[in-house]
Colleague: 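Dumping the structure here so I can ask a few things about it.
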Amino acid sequence: MVGAGTQLTDDEFDGLLPAALWRVARTHFTPVDVARRALGMLAPAAGTAVLDIGAGVGKFCIAAALAAPAVRVVGIEQRGHLVEVGRDLARQLGAANVELRHGDAFDHDWLEFAGLYLFNPFGEVAHRDAPLLDGGSAHAPSCYFASTRGARERLAALRPGTRVVSYHGGRPPPGYDLVEHHDDPTGPLALWRRR
Ligand SMILES: C[S@@+](CC[C@H](N)C(=O)[O-])C[C@H]1O[C@@H](n2cnc3c(N)ncnc32)[C@H](O)[C@@H]1O
């Protein structure tokens with residue numbers, strides 16, 4: 001068990017994944033250092049909660065939760081098998097302040113959270129021939145546009161002051177200020193704030 005406050009590494013986390021997920025971890029899951037920095041940018045107060053839209057196996061959630069035991073880190077993920085893996089990893093790694101929910105992000109209330117994290121959650125189906133996280137490919141541009149439009153509507157309805165961190169691109173709707181932007185070697189990381 002790693003436990004709260006200790007320094008989880010990518011090798012440690014990814015090494016616990018089943019082989020098929022280990023192979024895609026570097027492409028589809030947030031590096032632990034980025035997760036810690038993103039959480040710092042979201043700057044949640046103790047006792048509040050942040051939400052990862054499309055949590056995968058919970059890598060952002062678990063790395064962030066271990067770094068900030070007083071914050072609740074919630075992830076919503078549509079693929080049930082990833083949620084099962086993530087819950088097991090949270091237990092193994094001693095991340096008691098993580099909650100991984102199974103379902104569609106659009107069936108959940110985004111308003112209860114102090115901050116939101118998005119690692120390009122809808123991008124998998126945006127590009128022809130891009131590999132899906134669990135194998136194969138599914139080019140579905142209309143699905144991609146519907147999801148990004150839905151996310152922008154949800155983001156537009158969030159309370160003033162709400163922070164949103166995007167990793168690997170994506171722009172919130174008008175009404176957000178760009179507070180920080182980093183051209184990270186692994187992908188752009190940006191902090192937006194609702195006016
Ligand atoms: C690039 S992965 C990011 C995983 C995780 N956030 C991380 O940073 O480690 C995007 C995830 O979003 C999920 N996803 C896409 N659309 C979703 C939706 N509408 N509701 C819930 N999850 C969704 C995908 O199944 C995939 O696991």
Side-chain angles (χ1 to χ4, degrees), residues 8-18 20-42 49-67 73-90 93 95 98-110 113 115-127 130-155 164-170 184 186-191:
L8 179 69
T9 66
D10 286 308
D11 285 344
E12 195 169 13
F13 185 96
D14 297 349
L16 293 171
L17 292 169
L21 292 171
W22 175 82
R23 279 194 284 277
V24 299
R26 294 290 159 126
T27 320
H28 288 277
F29 306 140
T30 300
V32 291
D33 169 60
V34 173
R36 284 194 283 261
R37 285 168 51 214
L39 185 82
M41 291 157 82
L42 290 171
V50 297
L51 177 67
D52 180 10
I53 305 286
V57 292
K59 190 168 178 185
F60 165 80
C61 294
I62 292 170
L66 289 173
V73 186
V74 177
I76 173 76
E77 169 57 48
Q78 65 186 359
R79 289 172 160 112
H81 68 283
L82 300 186
V83 175
E84 291 306 317
V85 170
R87 287 177 181 160
D88 194 41
L89 289 179
L93 293 167
V98 166
E99 184 189 336
L100 295 177
R101 301 178 184 171
H102 178 211
D104 187 332
F106 295 107
D107 292 337
H108 275 68
D109 183 7
W110 296 14
F113 298 94
L116 276 78
Y117 176 76
L118 295 97
F119 173 6
N120 195 16
F122 315 115
E124 252 183 311
V125 294
H127 306 288
L132 288 178
L133 198 159
D134 40 14
S137 68
H139 184 222
S142 59
C143 178
Y144 172 71
F145 289 121
S147 296
T148 49
R149 195 171 49 244
R152 286 168 69 83
E153 283 167 14
R154 292 298 188 96
L155 293 173
V164 174
V165 168
S166 64
Y167 179 49
H168 276 261
D184 211 76
T186 61
L189 184 66
L191 168 65

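These numbers come from a predicted model, not from an experiment. Atoms within a ligand are numbered from 1 in the order they appear, just like the ligands themselves.
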Colleague: Is ligand 1 under 4.0 Å from a heavy atom in the side chain of Leu82, in the backbone, in both, or in neither?
Modeller: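 The answer is the side chain of Leu82.
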
Colleague: Could you identify the single nearest non-hydrogen protein atom to atom 14 (N) of ligand 1 and state the distance to 0.1 Å?
Modeller: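 Result for atom 14 (N) of ligand 1: Gln78 NE2, 3.6 Å.
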
Colleague: Give the atom numbers and elements of ligand 1 that come within less than 4.0 Å of a heavy atom of Leu133.
Modeller: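 Matching atoms, with element in brackets: 26 (C), 27 (O).
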
Colleague: With a cut-off of 4.0 Å, which atoms of ligand 1 are near a heavy atom of Asp104?
Modeller: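 Here the atoms of ligand 1 in question are 18 (C), 19 (N), 20 (N).
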
Colleague: Looking only at atom types and distance, does a side-chain atom of Asp14 sit under 3.5 Å from a main-chain N or O of Trp22, one as donor and one as acceptor?
Modeller: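 Checking the backbone N and O of Trp22 against the side chain of Asp14, no donor-acceptor pair under 3.5 Å is found.
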
Colleague: Would you mind telling me if ligand 1 is within reach of the side chain of Ala55, the backbone, both or neither, using heavy atoms under 4.0 Å?
Modeller: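 Looking at Ala55 and ligand 1, just backbone atoms fall under 4.0 Å.
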
Colleague: How far is atom 7 (C) of ligand 1 from its nearest protein heavy atom, and which residue and atom name does that atom have?
Modeller: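 Scanning the protein heavy atoms, the shortest distance from atom 7 (C) of ligand 1 goes to Thr30 OG1, 3.4 Å.
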
Colleague: Once you restrict to heavy atoms under 4.0 Å, what part of Phe122 touches ligand 1? Side chain, backbone, both or neither.
Modeller: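 Side chain only; the backbone of Phe122 stays clear of ligand 1.
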
Colleague: What atoms in ligand 1 come closer than 4.0 Å to a heavy atom of Gly54?
Modeller: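 Heavy-atom distances to Gly54 below 4.0 Å select 3 (C), 4 (C), 5 (C), 6 (N), 10 (C), 11 (C), 12 (O), 13 (C), 14 (N), 22 (N), 23 (C).
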
Colleague: If I take atom CG from residue Asp104 and atom CD1 from residue Ile53, how far apart are they, to the nearest 0.5 angstrom?
Modeller: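 Rounded to the nearest 0.5 Å, the CG-CD1 separation comes to 10.0 Å.
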
Colleague: How would you list all residue pairs meeting salt bridge (charged side-chain N to carboxylate O under 4.0 Å, His left out) that involve residues 115-126, not counting sequence neighbours?
Modeller: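 Residue pairs with at least one partner in residues 115-126: Arg79-Glu124.
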
Colleague: Considering only the protein, which heavy-atom contact is closest to atom 1 (C) of ligand 1, and what is its distance?
Modeller: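 So the nearest neighbour among protein heavy atoms is His28 O, 3.2 Å.
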
Colleague: Which atoms of ligand 1 are found less than 4.0 Å from any heavy atom of Gly103?
Modeller: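 Selected atoms, number and element: 20 (N), 21 (C).
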
Colleague: For ligand 1, find out whether one of its N or O atoms is nearer than 3.5 Å to an N or O atom of Asp52.
Modeller: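 Yes; the residue has a nitrogen or oxygen that sits under 3.5 Å from a nitrogen or oxygen of the ligand.
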
Colleague: Would Arg154 and Asp107 satisfy salt bridge (charged side-chain N to carboxylate O under 4.0 Å, His left out), going step by step from the backbone distance to the final call?
Modeller: CA-CA 11 Å; Arg154 292 298 188 96; Asp107 292 337; over 6 Å; no

Colleague: Where do Leu21 and Leu133 come nearest, in terms of heavy atoms and distance?
Modeller: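 Closest pair (atom of Leu21, atom of Leu133, distance): CD2-CD2, 3.8 Å.
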
